[in-house]
Structure formats: C-alpha cells, structure tokens
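What follows is a single structure, written as structure tokens, with notes after it.
Since the model is a prediction, treat every value here as computed from it, not as a measurement. Every chain is numbered from 1, with letters handed out A, B, ... down the list of sequences.
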There are 2 protein chains.
Amino acid sequence: MYPELLTHIKKYTSLTPAEEQLLCEKLELKKLKKKEFVLEAGKYCHGNYFVVKGCLRLYFVNNKLNEQIIQFGIENWWITDYDGLMSKQPSTCYIQTVEPSEVLFLSEKDQAILFEQIPHLESYFRIMMQKAYVASQRRIGFIFNQTEEERYRHFSSRFPEFMQRVPQYMLASYLGFTPQFLSRLRAKKI
Amino acid sequence: MYPELLTHIKKYTSLTPAEEQLLCEKLELKKLKKKEFVLEAGKYCHGNYFVVKGCLRLYFVNNKLNEQIIQFGIENWWITDYDGLMSKQPSTCYIQTVEPSEVLFLSEKDQAILFEQIPHLESYFRIMMQKAYVASQRRIGFIFNQTEEERYRHFSSRFPEFMQRVPQYMLASYLGFTPQFLSRLRAKKI
DNA sequence: CGATTTTTTGAATCATATCAACGTACGTGG
DNA sequence: CCACGTACGTTGATATGATTCAAAAAATCG
C-alpha cells in the first residue's frame, strides 16, 4: 500500500479498501538516483509516474539545441509525456530526475484495466487532468501578460522552497528566458 | 438528440442508447448571436459548452487593459472557465461568441450526476481534458521556442480556414503579440 | 451613407538575447 | 582527503526584435 498516493486520491474522490488494494497491486515503486531518466526522446512512453518524493523534469531539446523545460513534477504530482502516450508515437521529450526520487509507476495498460474496474479512479484522473489543464492555461496567461521579471518574482514568491531545489538554469528554462538574464534579475534584487 | 456531440463521443468511447438519451436530456441547446457573452468576469461559471457550430473565445482583461485570448472554441470543442468552475469562485474571464454560434450547455450539477450514472461519460471527459492539456503544453513549447513570426507562420499553415474566421487583432492576442506586429508580418509576406 | 471597428504605417524606445570571458562550487577518482 | 575537471553562475558590451504611440487608411455594419 502506498499511503502518499491514497491520501492524495482521498482529497478528490473515495475508493473502497478493495479498490485501493487493486490499485496498489498494479503500482511499481521505483527508486531513482539524481539525473536518472525515466523517458528519453525516441523511446516509447508506457505509463504515468506519481512522485512520492523528489523532483523530476520534463523537457525537450529545441532547434537551438537548448533544453526547454515544459514541466516539473514534485511530490504528489503525476508526470508523463501525455502527448506520446496518447499518440502511441515515440516520444519527443525527456523525463529525468532533478534530485534522488521515488516514484510510483502505473502502466498505460494497467490504468485502462483499472478504469474499467474502478470508475472513481477514472474520476480522480479526470480531475487531475482538469487541474493540470487549468495550471497550464494560467501559465499561458502569465507568459503573455507579465514581463520575464514579473514572472520570476511571482514564481519565487509562490514557490520559495522549490527555488532552492533546482539549478538556476532549469528555472530560467522553465520560465522561458536565459540563465544570464535570471542571474541579472537576482543581482538586481538584493 | 444531438448527433454532433454523440458522434464526437463515439470517437473516444461508447455509450448505450439509454445513456445517450440520459445525456441529451440534460443538454440545453443555445443559439447565440455574434459577440454574445456566455460568461463574464465577476459572474459564476455554471457549466460547460460544447460548440455545435460557430466560434467562441475565452479571454481575460490584463493589467494594461488589453484583452488576452486564452483559447478559441470551434466546432466539436468544449469550452468553459475550468478555473472558475473548479474553484467555485467568481470568474476572472469572459467567454464570447466570435460568430453566430450554436452551443450545447451542460451544467456542472448535471455533469456530476451523469458521471455517477454513466462511467463512460467520465471517461470521455477525462480524455478531452487530457487532449486539452497536451494541446496547451504544446502551445507552451511553441511560445518558448519559436519567434513570433514562426508561430504565426505555423498557425497559419495549420489552420488556414480558421484565420479567415476571426479578426486579426484576436489572432494577434491569441498568438501573444500586438496587432501592429501581425500587420507587419502580413505585409512582409506577400 | 455615416459611424464604428479594424488594419496599416512610421519613428522612437525598450527589454531581452547573444557572445565571450571570468569566477565559483562541487563531486569523483587517485 | 585533496586536486582536478566539469558543471554552474556571474558580468560586460553589443545587437536585435518587438512594443509603443500616434495617425491615417480601409473595411464593415446598421
């Protein structure tokens, strides 16, 4: 049994003990070292990762050969390449740990089986998707309506602890500007 | 019965005739004139709109008092303020028709009831959310990795017919730059 | 047709990127 | 446990691409 995930699910829906059992049987706990990959471009994405502990990043390499971070996954977030998963095509991105991490892996196949057996589990994932969608719509709003500086200040006031956990160049990538620019922002602040 | 929606659902899951019946009883067809609002900032968002015909836009007014378009909804898309819906707070954005349109309204309340009765309907919405999420993640990738010009060219090659349907200033807003800049891009092209 | 909305154009300005070099920290093998 | 190498962060000078403001031109609508 994996209490972190079950507690998280309870926030949004309810499962019977038997359903919890069924779910946990399908999950696979993976302990990962720092900088370990769970997905690489060109390979197929086979499922979904729930972060129990640690931090992962999802990024792709753009045409200037820079790594563009699309998403971070920290404790209690699901992370995967949904694009690759849905299209059944080889992935175009990478998912890698930023810190030593523990994740629960749920394969696409098992997820589909569980959805038929446990309607409330599908409900949970619908809500997760909806939340993720809202978050990324908000992010688009921020990108278009705030200067890089405002975005940085907003992010650092909202996630101060998180800032400590990742290198600056990753933050810069996530926020959509250069590491040099981030460095200057920090210098300016004091 | 609303064949456009039922056909769309069949692409992703299957409903029994009885389930289709149940669903359609809860839907409300609304015929809307051009520039009619279905949601305004400050009001509560009560449900979800499926676009049968026409085009709507979801936008908010930023601190420079410009309208920032977050999303367009055309035929076979669902559109609503999921943020306001989930948070149960007054909305911060507007949803307005761009053309005369027909939409099916499904209230949040009815949707919750239907999800309990029809697990496959929840499945359909989970998949819709996942698709929407993927689309908005992709959009973030584009924003960060292409110049404004590349984004415009990409968009116009991908949705040439759609470009004809909306005023340029809305496209500029959606793509994240000024109408003047878009005008110059077009002038450059020839 | 007149009124409003939308698009175009020009010139000046500003924010961020780029390139390049130098500092600093960190962890890995000897 | 120290030293070296690589990864990460800082700083300065210059370049560039998009914005802003203002006004005119064109298109759309009742």
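- Ring centers of Trp77(A) and Phe72(A): at least 6.0 Å apart, outside the cut-off.
- Of the residues near DNA chain C, Asn66(A) and Tyr169(B), the one whose nearest nucleotide (by heavy atom distance) lies more toward the 5' end is Tyr169(B).
- The residue Gln180(A) sits close to a base: some heavy atom pair falls under 4.0 Å.
- Residue Lys35(B) is classed as a sugar-phosphate contact, given heavy-atom separations below 4.0 Å to backbone atoms only.
- Which of dG12(D), dG10(C), dT8(C) sits closest to the side chain of Arg186(B) comes down to dT8(C).
- Per the geometry, CG belonging to Leu175(B) stands 16 Å off C1' belonging to dT19(D), to the nearest Å.
- Looking only at distances, a side-chain donor or acceptor of Ser91(A) sits under 3.5 Å from a matching main-chain atom of Cys93(A).
- Closest of all the heavy-atom pairs between His120(B) and Leu15(B) is CB-CD2, 3.8 Å.
- Rounded to 10 degrees, the angle separating the terminal axes of the helix from dC1(C)-dG30(D) to dA21(C)-dT10(D) is 50°, with each axis obtained from five end pairs.
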Working for salt bridge (charged side-chain N to carboxylate O under 4.0 Å, His left out), residues Glu150(B) and Arg153(B): CA-CA 5 Å; Glu150(B) 286 168 330; Arg153(B) 302 249 183 261; over 6 Å; no

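- A donor-acceptor contact under 3.5 angstrom links the side chains of Arg126(A) and Gln130(A), judged on distance only.
- For the residue pair Ser136(B) and Gln137(A), no side-chain donor N or O sits within less than 3.5 Å of a side-chain acceptor on the partner.
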